[in-house]
Amino acid sequence: APVKQGLGLRTTILVNIALVMFVTMLLISFVVLTIARKTVFEQKVRTGEIMLASLQHLLTPHLETRNADRALVIDLIDRYTRTTGLAGLVLADTELTVLADSGGAGIGGRSGDEDLAAALRSGETVTRAGSLRGREYLFMAAPLYLAGSTVGVMKISLPLADMEKSMALFQNLVILFSVTTAIAFVIIGSLLLGRYVVKPLENLVEATEALTGEYLPQGLQPTGRNQIGTLAASLSGMSEKLREYKQAVDHYIQSLKESNRELRRAQEELIRSEKLSSVGRLAAGVAHEIGNPIGIILGYLEILRRSLSPADDNADALARVESEVLRIDRIIRELLSFA
């Protein structure tokens with residue numbers, strides 16, 4: 001039955017390699033982007049911690065007394081916010097009364113911010129990422145200490161737009177690198193596959209197909225010390241064995257042909273001898289069957305000749321009859337001798 005042709009070996013391998021490379025690079029890109037995002041976020045958190053520490057040193061001297069100069073504190077916060085690029089900064093006392101707000105809202109009132117309350121309760125920095133008015137921010141709240149006592153709490157808001165922009169650029173670079181690497185790997189893999197796998201296998205396929213016909217390939221060279229090389233060497237050895245067997249079979253067939261010719265000649269000779277033997281037996285039988293009557297006729301002729309005188313008119317006829325009978329007898333004897 002004819003073999004259905006499908007995708008070539010090179011195409012099949014390249015498609016599978018491309019699929020594996022795509023999945024691998026996708027996983028690598030995901031891991032790299034995840035690690036990069038985590039690293040950038042942690043860097044952002046460290047930046048916020050540095051800002052909180054600097055604000056600690058900047059604001060606590062102005063919070064030594066409950067009657068702090070709010071105007072001075074607000075001015076310091078506004079200048080710090082503009083200088084560092086903070087999206088927002090809120091300062092409150094231990095009662096969560098807002099002392100300063102870079103947004104200018106809620107000053108003097110009690111803050112309901114959960115981050116400020118959590119930082120004041122735990123005495124530790126509270127960090128979370130969230131969205132506000134459709135934008136992503138890093139919110140960090142930390143208590144303010146003076147002489148070991150809590151004198152207030154503050155919260156800063158760092159925009160994450162620059163981080164998202166950097167991550168988008170990095171993501172594009174990772175995708176470009178992944179695609180370029182995959183294409184280069186497929187091209188190089190195609191060349192290497194064609195040289196070390198596909199071409200040797202095509203040669204082996206041609207040699208194997210040739211074995212089904214009368215042609216026996218010669219000189220199959222091993223492609224290396226691998227399975228394909230071993231297969232080529234085995235196929236070459238099998239081809240040599242088949243060639244030897246074919247030569248032996250051809251020689252045997254030639255011998256059979258010679259034997260058949262000899263048998264045919266012997267058969268023809270036997271048939272010819274049998275024919276000649278049959279002719280000899282026929283001639284002997286004819287000579288015997290005719291010779292006996294001729295002998296009898298000659299005997300009677302001899303008796304008749306004795307009973308006649310030489311002057312008798314029938315003597316001449318009798319002599320002629322005897323001559324013809326003797327001629328018949330001579331012919332019969334010659335036929336017997338020939339047979």
Side-chain angles (χ1 to χ4, degrees), residues 1-47 129 135-136 138 158-246:
V3 180
K4 295 182 179 180
Q5 295 293 334
L7 294 177
L9 179 62
R10 184 197 300 269
T11 304
T12 303
I13 294 178
L14 288 181
V15 168
N16 285 275
I17 289 178
L19 181 61
V20 172
M21 282 296 300
F22 174 76
V23 175
T24 302
M25 297 308 296
L26 184 65
L27 293 176
I28 292 176
S29 301
F30 175 76
V31 173
V32 169
L33 291 174
T34 302
I35 295 175
R37 180 176 292 277
K38 182 179 179 181
T39 302
V40 173
F41 185 77
E42 291 176 351
Q43 183 65 36
K44 200 75 172 179
V45 171
R46 285 194 292 271
T47 301
R135 295 184 179 181
E136 296 295 325
L138 174 63
L158 285 79
L160 298 179
D162 55 342
M163 186 185 77
E164 295 297 331
K165 184 177 180 181
S166 299
M167 287 302 303
L169 178 61
F170 183 71
Q171 180 177 350
N172 293 333
L173 292 176
V174 170
I175 293 175
L176 179 61
F177 172 77
S178 301
V179 172
T180 305
T181 303
I183 293 175
F185 189 85
V186 170
I187 293 175
I188 296 174
S190 175
L191 296 177
L192 294 178
L193 281 173
R195 180 175 180 180
Y196 294 106
V197 178
V198 178
K199 188 61 177 178
L201 286 179
E202 288 177 350
N203 294 334
L204 291 178
V205 170
E206 293 177 357
T208 305
E209 291 177 349
L211 289 176
T212 60
E214 295 183 355
Y215 171 71
L216 296 177
Q218 296 182 358
L220 287 175
Q221 298 297 328
T223 57
R225 297 181 179 179
N226 50 27
Q227 286 81 0
I228 297 179
T230 303
L231 180 59
S234 300
L235 188 60
S236 178
M238 183 176 65
S239 176
E240 292 296 329
K241 291 293 184 183
L242 288 176
R243 187 176 296 105
E244 294 176 0
Y245 293 153
K246 185 175 182 298

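Below, each value reflects all heavy atoms present in this structure, side chains not excepted, and no hydrogens, waters or symmetry copies.
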Pairs in or reaching into residues 165-183: which pass salt bridge (charged side-chain N to carboxylate O under 4.0 Å, His left out), with residues at least two apart or in two chains?
none

Is there side-chain contact between L173 and F177, with at least one heavy-atom pair below 4.5 Å?
no

Sequence neighbours excluded, every pair satisfying side chain to side chain donor-acceptor pair (under 3.5 Å) that has a member inside residues 179-188
none

Which pairs with one or both residues in residues 174-184 pass salt bridge (charged side-chain N to carboxylate O under 4.0 Å, His left out), sequence neighbours excluded?
none

For residues 185-194, pull every pair meeting salt bridge (charged side-chain N to carboxylate O under 4.0 Å, His left out), keeping only residues two or more places apart or in separate chains.
none

Mind jotting down which residue pairs meet the side chain to side chain donor-acceptor pair (under 3.5 Å) criterion with at least one end in residues 21-42? Sequence neighbours excluded, please.
S29-S178, R37-E164

How would you list, by chain and number, every residue that makes a side-chain hydrogen bond (donor to acceptor under 3.5 Å, both in side chains) with Q43, sequence neighbours excluded?
R46

Once side-chain contact (heavy atoms from CB on, under 4.5 Å) is applied, do any residues pair with A161, and if so which ones, sequence neighbours excluded?
none

Which residue pairs pass the salt bridge (charged side-chain N to carboxylate O under 4.0 Å, His left out) test with at least one member in residues 168-194, sequence neighbours excluded?
none

Taking only residues two or more places apart in sequence or in another chain, which ones pass side-chain contact (heavy atoms from CB on, under 4.5 Å) with L33?
M167, F170, Q171, V174

Looking at CD1 of I175 and CE of M25, how far apart are the two atoms once the value is rounded to the nearest 0.5 Å?
11.0 Å

